Structure formats: C-alpha cells, structure tokens
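Below is one structure; the comments refer to it alone.
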Amino acid sequence: MNLMNPCRAWCAALLLLTCSPSLLASTPDDQLIVGMNMNNLLTLDPAAMTGNEVVGIVVNLYDGLVELDPQQLTNVRPALAERWEISPDNRQLTFHLRDNVTFHSGNPLSSADVIWSMRRVLHLNLAQASVWKSYGFSKENVDQMITAPDAHTVVIRLPKPNDPKLVLYSLAALGSMVVLDSKTVQAQAVNNDWGNRWLTTHEAGSGPFRLDVWQAKDVLRISRDANYWRGAPKLTRVVFRHLQESQTLRLMMEKGDLDIASNMAIPDVKALRHDPDLTIDAVQKGTIYYLAMSMKDDHFANPQVREALRYLVDYQGINKTLMAGYGTLHQRPIQSGMPATLPDPGYKLDVPRAKALLAAAGYPNGFDTTLRVLADQPFLNVAIAIQSTLMQGGIRAKIITGTGNQIYGAMRERQFNLLVGRGGSGVEPHPHSSLRALVYNPNNADSARLTNFQGWRTGFYDAQLNSMIDKALLERDVKQQQQDYFAIQKRYDQLIPALMPISQMTDSVVVNNRVQDYVPHPSATTFLRDVWKTPDSLAGGAQ
C-alpha cells in the first residue's frame, strides 16, 4: 500500500481550497474597507488637521460651502451654498445656503454655524488658520469681515484686495472651512478651547457619513447618515484600517480583504498591475517632496551653505531610482502643468562646486548636523540618498526618524536642522496656492505661528518676494500675471531658498474592480458619498 497517495491527495485538496478564487476572502457588498498608514492621522479637528490622510476623512464627515470638481479642478461646485455672487469690486462674496440641511445631531444648519466655524479657525490659530491669515483675516477682524444678514445668507468681505477665485478655491479644497454644529461643539468645550480636545476624536458635521469610532493607529469607522441632505450614501459603512507595512497591504488586496489600499510601496504597487481584479489609479498632486533647511541654524542662515546643499543632492538619481510611482522630477516652487511654471533650472549633483562653496563659507571640513525624516517610504530612502551625497561634501548628517507628529511637529516649532518632507498645498488650481505654502512668509516672528507655511517653518523671509507675490495675485491681465510669476520664481532661485523642491507627488492607489464611482481627487478630498460596490456574487466571489 502506498502511504504517499492519501497524503498527496490531501495536500492537493488543501491547495485547491486555498487557491480557489471562489473561496478567497471578500469584503461585504455594502461596506468599503480601506487600508492606509495612519501614522500621520493625529486629529480629526478640521481647524487643526495637517496632511492628506485626515483631509480625505474630514470631507466625508463635514460639508463646506462649496467644493472642487475632482475631474476639473477649476470648476467650483455648490455644496452647502446653493449659489453665490462676487461683488464688482472683487472684495465681497455672498453665499446663499440651502434650507434643508441638518447636522448629525439633528440640529438645523444655519448661517450662524458658518460664522461660528470661521471664527473658530481664526481664534484657535492652529494649522488651518495660516491660509486665512494670509488673506488678511484675524481673530480681531473676523466679526466685521464675515457676517450673516439672515439665517441663510453669509457675506465674506475680504480684509485686503485678493483674487476672489482663489478664496473660493480655498473654501472648496482645503477642508479647513467646513461647517461645524456650533451648539454641539460649544457644549463640549473645556477651558475656552472651542471644543478642540473633544473634536480630536469626535465630529460634529453634516456630511454623508458619521464617525463611529477612531482608535489611533488601529481603525477608524464611519457609517452613512440616512438623513443626508443629498440623499443617503450607497455604502452603509467605510472602515479605514491602519496597515503600516506595504507587503501586508499588497497581500490583503490580493486576497480581497481590502477594497482600496493607499500609501503602498511602489514595488508592491507594480506587482499588482497585472492582477485582473485590481486597478491602479495614479493621480498627480500639487504636493512637493523637498529638502528643507532651518535658517534659525547658523549654518543654513549662510546663503553659501544653502547653495552648497543645492549641489549636494542627486535629483536625477533620486527620481530615477527612488521616486518612480511616488513622484516626478520637479525643482520649482509652483507645481508643474501650470502656464505660470518656469522650466526646471536643471540643478545636478556637483560635489567639487559644493565643497568650494563650503570652504568659502568657512567650513572647509564640513560640519555635523541632523536630518529629520518620516520612517516611511519614499521619505526614508530619499533621506539616506541625501545623507550619502552630503557626506561627499563633508556634511555629516545624522538621520532622525519618527512619526509625522515628531518630524513635522519639530518643523512647526522651528526646532530642526535639515528635513526631508512633503508639502506645498497645491490643492487649489492657482499658482498662489503653491507659493503661499512653500515661499510666502508675511511675518517671520516666532510669535506669528504661521505653521502651515513652509517658508515660515524654515525661517526664509524676503519682503520684496512677499510683495511680488501679493502683486501677482491681484494682477488682472493674464499675460502680465504670468510674467509676474516668472519673476517670482527667478528671484526665489537667486535668493538660494531654504527649501529645495526635488519631486512632485504622484499618488498611486490600488482599487478593487468591485468598487464603482471612486474618483481619486488631486487635492486629497476624495468624496465617498456616491461610491458603491458590485455585488460579490456578480464579481465571481464567495457565494
């Protein structure tokens, strides 16, 4: 009797069971399961949020006055405001609210909630206040600038001349000026914190989904609001799971345990390209990968040192070997694809030139410093590559890794030397959006706390450049405005900035083909209210 035959038969049966597509795991038809890295998900408070991850969640819990069309970013669509007008002098925007909107609490939404939400952003003065302060708003003038003639009308008067289209883009894209249920939040406020502590882990919105639970670095679950004013979402629930390892995300997508995966390492994304059940959505965003220097550090306050670092980065090598799928080579502060963007200046690794600049600056033997970076890809590999080329010039940079709060938190406090990061807004389809985030710094004092401005974080300040940016924003002649933006980029380059663009972000998201009407948004504000899934039985899954 051959004892091997039963064993072989049992193994063959087991292999058939484990590999049969009909018996692979499958997510529920009415739920969306999203895998993502939540290390940078620090708060759900719209006034305090930073990073793309939280924006994609907040916009599904709250509504704003207007929103951007993900397929045509220059198209501003109605949301809570069903219509609006811009005054002939471009200094006033009037919004007319819908009259059938209620918050998740059941409280009716009115202009008083809009006013309170905007006042809250300015009074808290957290991350999302920076944009509005750049427009001239402050906690001192907000009550005069933003008013409500009646329960369904909101009037925003601009404190200083501006392009009203840009203000509309900011209202639509950032998620910072979403409307909060003022009664609910005020009931949870402690020590005049405007409800900040409570909103870190709760929500008070009118959006298509309600927050069920958020367990930091574990799971965040939202459920549909059956009474949503646009109509109940098609999905009953969306579950965001914290999965830090890219290989885990890949395996779970292959098995059908996830519907969508983001933050995946590009080698794993590429490995899934030939899976017939999956689609790779690659979206170019306006966000820029960069090397930042703190001008509060004596080394980098010296323009010759900053110029030396300009020639100690292998831009071409990094983009060719490390950034495929993550980004494309870009060396300008204004995102690519805009008429106002100059061609790249073509900086390359040039160690002899860098060493000569360091010697002229008084550092013939280089110096020691630190280089902060997220412990995620592609950031860490980029930092290691930069560390290597800095060493060739004599700069010995110790890499410090950490979470978003540890790395970007140090940058927001201006307590860093060097940092590899990603930022630059770019969510509004306007050159000023990139310049405001990466370059503009109207007040370089520590007390200004312009924490969402990379220029302020690095301590880079030039009054003339600020003035040029202000002027270009108001220029009505399109051709002259384009020339103004060219001049801004040239001056920025000549000043040897403290932030060096390396690559423009590409966001690759893996989506199961059962997921329908999922449209990745260039500004990270992906709306889930219209997403649905093909029933598993129709997709050939488990019965």
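FYI, the numbering just counts along the sequence from 1. These figures come from a predicted structure and were not determined experimentally.
By the neighbour-count criterion of 12 heavy atoms within 6.0 Å, atom CZ of Arg414 is densely surrounded, having more than that number from other residues, nucleotides or ligands. Within 6.0 Å of CD in Glu245 there are 12 or fewer heavy atoms belonging to other residues, nucleotides or ligands. Atom CZ of Arg224 is surrounded by more than 12 heavy atoms from other residues, nucleotides or ligands within 6.0 Å.
Salt-bridge check for Asp277 with Arg514: failed, with every basic side-chain N at 4.0 Å or more from each acidic carboxylate O. Using a cutoff of 4.0 Å between basic side-chain nitrogens and carboxylate oxygens, Arg396 and Asp368 are scored as salt-bridged.
With 3.5 Å as the limit, one finds no donor-acceptor pair spanning the side chains of Asn512 and Lys533. In this model, no donor atom of one side chain and acceptor atom of the other lie less than 3.5 Å apart for Asn39 and Thr403. There is a side-chain donor-acceptor pair under 3.5 Å between Thr534 and Gln516. Side-chain contact annotation: Asp193 with Asn191, donor-acceptor N/O pair under 3.5 Å absent.
At least one donor-acceptor pair closer than 3.5 Å links the side chain of Thr341 to the backbone N or O of Gln335. Of the possible donor and acceptor atoms, none in the side chain of His242 sits under 3.5 Å from a partner among the backbone N and O of Gln244. At least one donor-acceptor pair under 3.5 Å links the side chain of Asn263 to the backbone N or O of Asn37. In this structure, the side chain of Asp225 does not engage the main chain of Ser206 through any donor-acceptor pair within 3.5 Å.
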**Q.** side-chain hydrogen bond (donor to acceptor under 3.5 Å, both in side chains) between Thr389 and Asp314, intermediate numbers included
**A.** CA-CA 7 Å; Thr389 50; Asp314 184 6; over 6 Å; no
**Q.** Intermediate values then yes/no, salt bridge (charged side-chain N to carboxylate O under 4.0 Å, His left out), Arg250 and Asp275
**A.** CA-CA 11 Å; Arg250 171 183 165 183; Asp275 190 319; over 6 Å; no
Q: Carefully, step by step, assess Thr27 and Gln31 under the rule side-chain contact (heavy atoms from CB on, under 4.5 Å).
A: CA-CA 7 Å; Thr27 59; Gln31 298 185 30; over 6 Å; no
Q: Check the pair Thr458 / Met411 against side-chain contact (heavy atoms from CB on, under 4.5 Å), numbers first and verdict last.
A: CA-CA 8 Å; Thr458 61; Met411 193 184 189; 4.1 Å; yes
Q) Under the side-chain hydrogen bond (donor to acceptor under 3.5 Å, both in side chains) criterion, do His104 and Glu203 qualify, and how do the steps go? A) CA-CA 9 Å; His104 299 154; Glu203 57 91 4; 2.9 Å; yes
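For the pair Arg230 and Tyr228, the cation does not sit on the ring face, since its NZ or CZ is not both under 6.0 Å from the ring centre and inside 45° of the axis.
Aromatic ring pairs are classed by plane angle as parallel below 30°, tilted from 30° to 60° and perpendicular above 60°; the pair Trp194 and Trp116 is tilted. Ring-plane geometry between Tyr289 and Phe379 is classed as tilted, the angle between the planes lying from 30 to 60 degrees on a 0 to 90 degree scale.
Annotation: the span from Ile399 atom CD1 to Leu380 atom CG amounts to 6.0 Å, rounded to 0.5 Å. Interatomic distance, CG of Leu168 versus CD of Glu67, reported as 13.0 Å (0.5 Å rounding). Tyr135 OH to His432 NE2: the interatomic distance, rounded to the nearest 0.5 Å, is 6.0 Å. A distance of 5.0 Å separates CG of Leu499 from OH of Tyr492, quoted to the nearest 0.5 Å. Separation of atoms OG (Ser262) and CG (Asp281) is listed at 12.0 Å; rounding is to 0.5 Å. The distance from the CZ atom of Arg332 to the CE atom of Met338 is 15.5 Å, given to the nearest 0.5 Å.
Only one option out of Leu199, Thr201, Val54, Thr200 pairs with Leu44 in a side chain to side chain contact (heavy atoms under 4.5 Å, CB included); it is Val54.
Considering all non-hydrogen atoms of both residues, Ala498 and Arg306 come closest at CA-CD, 4.0 Å. The two residues Arg412 and Trp456 make their nearest non-hydrogen contact at O-CZ3, 3.3 Å. A pairwise comparison of heavy atoms in Ser130 and Thr451 identifies OG-N, 3.5 Å as the closest pair. Looking at every heavy atom in both residues, Leu418 comes nearest to Phe300 through CD2-CZ, 3.5 Å. Contact detail for Asn60 and Thr526: the closest heavy-atom pair is ND2-O, 3.1 Å.
Side-chain contact between Met36 and Glu53 is present, with heavy atoms from C-beta onward closer than 4.5 Å. Within the 4.5 Å cutoff, the side chain of Leu65 has no heavy atoms near those of the Met177 side chain.
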